[in-house]
Student: 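Below: one structure in structure tokens.
These numbers come from the heavy atoms of this one structure, side chains and all, not from hydrogens, waters or symmetry mates.
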Amino acid sequence: MSDETPICSAKGCRTAAQWVLAWNNPKIHTPDRRKTWLACDEHREHLSQFLGVRGFLKDVVPLAEWESAP
């Protein structure tokens, strides 16, 4: 893995990211604002649940698709 390889946002994980979790906190962000976390296959569900139970998760997209979006 090079220094430019996106890695998973899970604490302590150094695995290459495969997913983008787009989210926002409606208490502090405008509705159209999207923050992102990156996830490997192993942590995608855990991170999605963490954001989902708080009502923050907006979308889960494969990293390659996110990077190719306009």
Side-chain angles (χ1 to χ4, degrees):
M1 236 182 323
S2 76
D3 289 341
E4 296 178 19
T5 301
I7 61 164
C8 180
S9 298
K11 186 175 181 178
C13 185
R14 303 300 299 164
T15 304
Q18 301 297 319
W19 300 93
V20 175
L21 286 64
W23 63 277
N24 89 6
N25 180 339
K27 291 182 180 178
I28 60 174
H29 301 126
T30 59
D32 60 329
R33 172 96 187 263
R34 292 295 179 268
K35 301 205 38 118
T36 57
W37 281 358
L38 301 177
C40 64
D41 286 333
E42 180 181 350
H43 292 112
R44 179 179 61 107
E45 188 62 30
H46 171 74
L47 294 173
S48 293
Q49 286 180 356
F50 180 88
L51 293 168
V53 298
R54 290 159 178 79
F56 294 176
L57 187 62
K58 301 302 178 192
D59 205 3
V60 178
V61 180
L63 179 60
E65 186 178 314
W66 184 269
E67 290 177 333
S68 68

Student: Between Asp59 (side chain) and Ala22 (backbone), is there a donor-acceptor pair under 3.5 Å?
Tutor: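 No; zero donor-acceptor contacts below 3.5 Å.
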Student: Answer yes or no: is there a side-chain heavy-atom contact under 4.5 Å between Phe56 and Lys35?
Tutor: no
Student: Do Glu67 and Pro6 touch side chain to side chain, with heavy atoms closer than 4.5 Å?
Tutor: yes
Student: Please name the pair of heavy atoms, one in Ala16 and one in Thr5, separated by the smallest distance, quoted to 0.1 Å.
Tutor: CB-CG2, 4.0 Å
Student: Would a distance-only check, ignoring hydrogens and angles, find a side-chain to backbone donor-acceptor pair under 3.5 Å from Ser9 to Ala39?
Tutor: no
Student: Can you tell me how far the NE2 atom of His46 sits from the NZ atom of Lys11, to the nearest 0.5 Å?
Tutor: 11.0 Å
Student: With the side chain counted from C-beta on, respond yes when Ile7 and Cys13 share a heavy-atom pair under 4.5 Å apart, and no when they do not.
Tutor: no
Student: Side chains of Trp19 and Leu47: closer than 4.5 Å at any heavy-atom pair?
Tutor: no
Student: When rounded to the nearest 0.5 angstrom, what distance separates SG in Cys40 from CG in Leu63?
Tutor: 12.0 Å
Student: Taking the side chain as everything from C-beta on, heavy atoms only, tell me whether Asn24 gets closer than 4.5 Å to Arg34.
Tutor: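 Result yes, sub-4.5 Å side-chain heavy-atom pair found.
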Student: What pair of heavy atoms forms the shortest contact from Trp23 to Leu21, and how long is it?
Tutor: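 The pair with the smallest heavy-atom distance is CD1-O, 3.6 Å.
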Student: Considering non-hydrogen atoms only, spot the tightest contact between Val61 and Trp66 and give its length.
Tutor: CG1-N, 3.9 Å
Student: Indicate yes or no: at least one non-hydrogen side-chain atom of Val60 is less than 4.5 angstrom from one of Arg44.
Tutor: yes
